[in-house]
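Throughout, protein chains are lettered first and strands after them, A, B, ... in sequence-line order, and every chain is numbered starting at 1. All figures in this text were calculated on a predicted structure; none of them were measured in a lab.
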Amino acid sequence: MDISAETYLHDLLTTLMRKQGWPTEAVSINRPRQEGFGDYATPVAMSLAKTLKQAPRAIAEKIVRNLEFDRNLIEEVSIDGPGFINFRLGPGYWQNVLAEILRKRELYGRSTWGAGRKINMEFVSANPTGPLNVVSARAASIGDVLVNLFHAVGAEASREYYVNDAGQRVRMLGYSVSARYMALFGKEEPFPEDGYHGDYIKDLAAEIRDEFGDRFVSLSLEERCDQLTQIALDRMIRAQRETLEKFRVKFDLWFSEQSLLDSNRQQEVLDLFAQKNFSYEKDGALWFRSSQFGDEQDRVLLKSDGEPTYFLGDIAYHMDKYRRGFDQLYDLWGPDHHSHVTRMEAAMQALGYPPGSFQVRIIQQVNLLRGGEVVKMSKRAGNIIEMTELIEEVGVDAARYFFLMRKLDSPMDFDIDLAKKQSDENPVYYVQYAHARVCNILAHAATKGIALSENYDLRLLKTPEELAVLRKLAEFPETVSKAAQFLEPHRLTIFLQELAAIFHHFYHEHRVVSEDAAMTQARLRLVEGVRIVLANALKLLNITAPEKM
RNA sequence: GCGCCAGUAGCUCAAUUGGACAGAGCGUUGGCCUCCGGAGCCAAAGGCUGUGGGUUCGAUUCCCGCCUGGCGCACCA
């Protein structure tokens, strides 16, 4: 049977509740933390105690007495503690799980939780005025994996990057490059006050000189800046794209802010707001009544000089996403955009989109630690720790894994020294080694001339260590769907570490390839199941599953 | 001052979204290689979950107050 034990038990109990005339909402199945309490448990008797005005244990006994179940799958039902009903599944159930894994292979872990949903995931979206930093790297790995997870639960999902290629910051990039460029020809041009001081600007200027020579020197300041802005912008964006691809992140769409301004999306927003009376004029500017939607104050849409704010552009952009058919929008923003969240949620509500269909998660700060000390960074000051440096120093696999170990909305410490260590202290190597070890066993069997036979009996797998592996393998689909559901990719890294530990333990206790031919065949299948699940999980994380290390 | 997020073992983090005796890794201490790779395994020590109240059968989880830390509070983008 492909149906999960959880669903089976849930149905079983719900049917019984109905028969008794009891409310079915109280039915919930969970997995006890404690080993001794069976594989699944329900606190339903306790939840019902109040409404039924009976003691929890009495209710539990009534439930157990009337429960009809398949004895091949459920070995034991017991009542413990204040009124928990515990279910212990038999080896047959777990052996079936392995059969299912071997049948589904790379499809094992998929589900239909998200079927029919069309999800847009916008992440990174850094200004094209500087190189990507480590927070961008964190966002990149998380957003990328979330989209993989959405696909795994049957949803349509795409990766989107909003390119802020319009506005003052971009112009400032042009002025900064221009000043550096002119300096290369010995011409003094005052460096803009809010310009970008990073070395990458000098590099860019030199690059442009090498390729285009002095052709911009004789132009007027405005003319030169216009042209240099465009060139610099293209190169910054290309560099960002290359960095992200090196990090194995590929976006489906790079959405240009400028293209939005050229369209009439912003006017549509203004018209809609005016129509619903969500906007008004004050001090020569046009304001959005965001305070009606929980914001602490109203926000400006059009400045008194008539120019649209970034906010208006962003509203229009998100309206555009809905118009393109997405029914769920997720944005991962950096910590500096914190204040923006409430007003954007307000705007989406005002436009009439369902609450919750637009959600922002703030990717929190990354503290890089080297030698136990925090490495400081600042984009403005120019001593930024670049994403490319981090990738080069610790490698893509380790960097991705470390970012994915933590919940996304809490600040994290990134220990560079640890990430670089190729030893058991480093969790990514621990997990990858488990995969390599499985491959090694399979290779070893092959050199011994043992071929995988179609004639194998999974019923031989019944020692505690084997069953422990099977139980953990069985958790994978649920782990995937919960990770997608709650936007918590770290569930996967935790799962991987647990599976690796249980497998290493099994390996230590039992030989796979032995004199016992039948047992060898069964265990080779077990090990193959471990390999499949490790590989599937690592693939969701976009991390290498090595055959050798 | 206001808002958001966080506070769990020495350190970095979990805890199945309100369930049972709060778990992992690292670090510390002590063990394990005639063997499919020791990049591994086993064991021990380590906790009043920041703090005070509340809600209930049951709270790390929900509510209120306080303390500490991070981030944010533009007609910038």
Contact nearer the 5' end of RNA chain B, comparing A:Glu509 with A:Asn164: A:Glu509
Solution key, residues 292-299 of chain A side-chain donor-acceptor pairs under 3.5 Å, sequence neighbours excluded:
| from | atom 1 | to | atom 2 | distance (Å) |
| --- | --- | --- | --- | --- |
| A:Asp295 | OD1 | A:Arg299 | NH2 | 3.1 |
| A:Asp295 | OD2 | A:Ser290 | OG | 3.3 |
| A:Asp295 | OD2 | A:Arg299 | NE | 2.8 |
| A:Asp298 | OD1 | A:Ser290 | N | 3.3 |
| A:Asp298 | OD1 | A:Ser291 | N | 3.0 |
| A:Asp298 | OD1 | A:Ser291 | OG | 2.6 |
| A:Asp298 | OD2 | A:Tyr280 | OH | 2.6 |

Below 3.5 Å is the cut-off: list the nitrogen or oxygen pairs between protein and nucleotides 45-50 of chain B, distance only.
none

Side-chain heavy atoms of A:Leu312 within contact of A:Val300, under 4.5 Å: no
Result of checking A:Thr42, A:Val77, A:Asp80 against A:Asn86 for side chain to side chain contact (heavy atoms under 4.5 Å, CB included): A:Asp80
Contact list (N/O, under 3.5 angstrom) for nucleotides 56-58 of chain B vs protein:
| from | atom 1 | to | atom 2 | distance (Å) |
| --- | --- | --- | --- | --- |
| B:C57 | OP1 | A:Lys50 | NZ | 3.3 |

Watson-Crick or G-U stems of RNA chain B, 3 or more pairs, under 3.5 Å, by first number: B:1-7 with B:67-73, B:10-13 with B:23-26, B:28-32 with B:40-44, B:50-54 with B:62-66
Any A:Leu470 side-chain heavy atom under 4.5 Å of A:Val97 side chain: no
Side-chain ion pair, A:Arg361 and A:Asp331, N-O less than 4.0 Å: no
Set of ring-ring contact (aromatic ring centres under 6.0 Å, His included) partners for A:Phe288, sequence neighbours left out: A:Phe273
pair A:Tyr310-A:His340: side-chain heavy atoms closer than 4.5 Å: yes
Separation between the C1' atoms of B:G18 and B:C63, rounded to whole Å: 13 Å
A:Pro308: which of A:Gln267, A:Lys303, A:Gln266 passes side chain to side chain contact (heavy atoms under 4.5 Å, CB included): A:Gln266
Gap between atoms OH and P, on A:Tyr430 and B:G25 respectively (whole Å): 7 Å
A:Asp413 side, atom CG; A:Leu368 side, atom CG - distance, nearest 0.5 Å: 9.5 Å
Parallel, tilted or perpendicular: ring planes of A:Trp254 versus A:Tyr161, cut at 30 and 60 degrees: parallel
Interatomic distance, A:Phe402 CZ vs B:G25 P [rounded to whole Å]: 15 Å
A:Leu534 CG to B:A39 P, straight-line distance once rounded to whole Å: 18 Å
Base orientation of B:C33, syn vs anti, 90° cut from 0: syn
Same-atom distance (P) from B:C75 to B:G69, integer angstrom: 30 Å
Rounded interatomic separation in angstrom, taking NE2 from A:His510 and P from B:C42: 12 Å
Are there any protein N/O atoms within less than 3.5 Å of an N/O atom in nucleotides 71-75 of chain B, and if so, which ones and at what distance?
| from | atom 1 | to | atom 2 | distance (Å) |
| --- | --- | --- | --- | --- |
| B:C71 | O2' | A:Pro335 | O | 3.2 |
| B:G72 | O2' | A:Ser339 | N | 3.3 |
| B:G72 | O2' | A:Ser339 | OG | 3.4 |
| B:C75 | O2 | A:Ser304 | N | 2.6 |
| B:C75 | O2 | A:Ser304 | OG | 2.9 |
| B:C75 | N3 | A:Ser304 | OG | 3.3 |
| B:C75 | N4 | A:Asp283 | O | 3.1 |

Sugar-phosphate, base or nothing in reach of A:Pro56, heavy atoms under 4.0 Å: nothing
With a 3.5 Å cut-off and sequence neighbours excluded, list the donor-acceptor pairs that the side chains of residues 498-509 of chain A form with protein atoms.
| from | atom 1 | to | atom 2 | distance (Å) |
| --- | --- | --- | --- | --- |
| A:Glu498 | OE1 | A:Lys472 | NZ | 2.8 |
| A:His504 | ND1 | A:Arg437 | NH1 | 3.0 |

Sugar-phosphate, base or nothing in reach of A:Asn86, heavy atoms under 4.0 Å: base
Chi class for B:U17: syn within 90° of 0, otherwise anti: syn
A:Lys420 vs A:Glu393, salt bridge (charged side-chain N to carboxylate O under 4.0 Å, His left out): CA-CA, chis, key distance, verdict: CA-CA 7 Å; A:Lys420 280 163 73 177; A:Glu393 190 163 358; 3.1 Å; yes
Separation of the C1' atoms in B:G65 and B:C71, to the nearest angstrom: 23 Å
ring-ring contact (aromatic ring centres under 6.0 Å, His included) partners for A:Tyr175, two or more places apart: none
Glycosidic class, syn or anti, of B:C21 using a 90° window around 0: syn
ring centroid sep under 5.5 Å plus plane angle under 30, A:Phe37 with B:A20: yes
Side chain to side chain, A:Asn426 and A:Tyr401, heavy atoms closer than 4.5 Å: no
Aromatic ring proximity A:Phe37/A:Phe84, centre distance under 6.0 Å: no
OP1 or OP2 of B:C26 under 4.0 Å from side-chain N/O of A:Tyr429: no
Nearest-Å distance for atom pair CD/C1', residues A:Glu515 and B:C36: 13 Å
Sugar-phosphate only, base, or nothing, as touched by A:Arg511 at under 4.0 Å among non-hydrogen atoms: base
Residue-phosphate contact under 4.0 Å: A:His505 side-chain N/O, B:C42 OP1/OP2: yes
5′-ward residue of the pair A:Ile85/A:Phe311 relative to RNA chain B: A:Ile85
Base versus backbone protein contacts along nucleotides 7-17 of chain B [heavy-atom cut-off under 4.0 Å; B, S, -]: -----SSSSBB
All salt bridge (charged side-chain N to carboxylate O under 4.0 Å, His left out) counterparts of A:Glu478, not counting sequence neighbours: A:Arg31, A:Lys482
Min side-chain heavy-atom separation A:Arg169-A:Asn164 under 4.5 Å: no
Nearest-angstrom distance, P atom, B:G27 to B:A20: 30 Å
Under the side-chain hydrogen bond (donor to acceptor under 3.5 Å, both in side chains) test, residues paired with A:Lys62 that sit two or more places apart: none
Nearest-angstrom distance, P atom, B:U16 to B:G23: 13 Å
Which nucleotide in B:C36, B:C41, B:A77 has an atom nearest any side-chain atom of A:His508: B:C41
Interatomic distance where OH belongs to A:Tyr507 and P belongs to B:A39 [whole Å]: 10 Å
A:Trp94 and A:Val469, any side-chain heavy atoms less than 4.5 Å apart: no
Sugar-phosphate, base or nothing in reach of A:Asp80, heavy atoms under 4.0 Å: base
Sorted by number, the residues of residues 441-448 of chain A with heavy-atom contact under 4.0 Å to RNA chain B: A:Ile441, A:His444
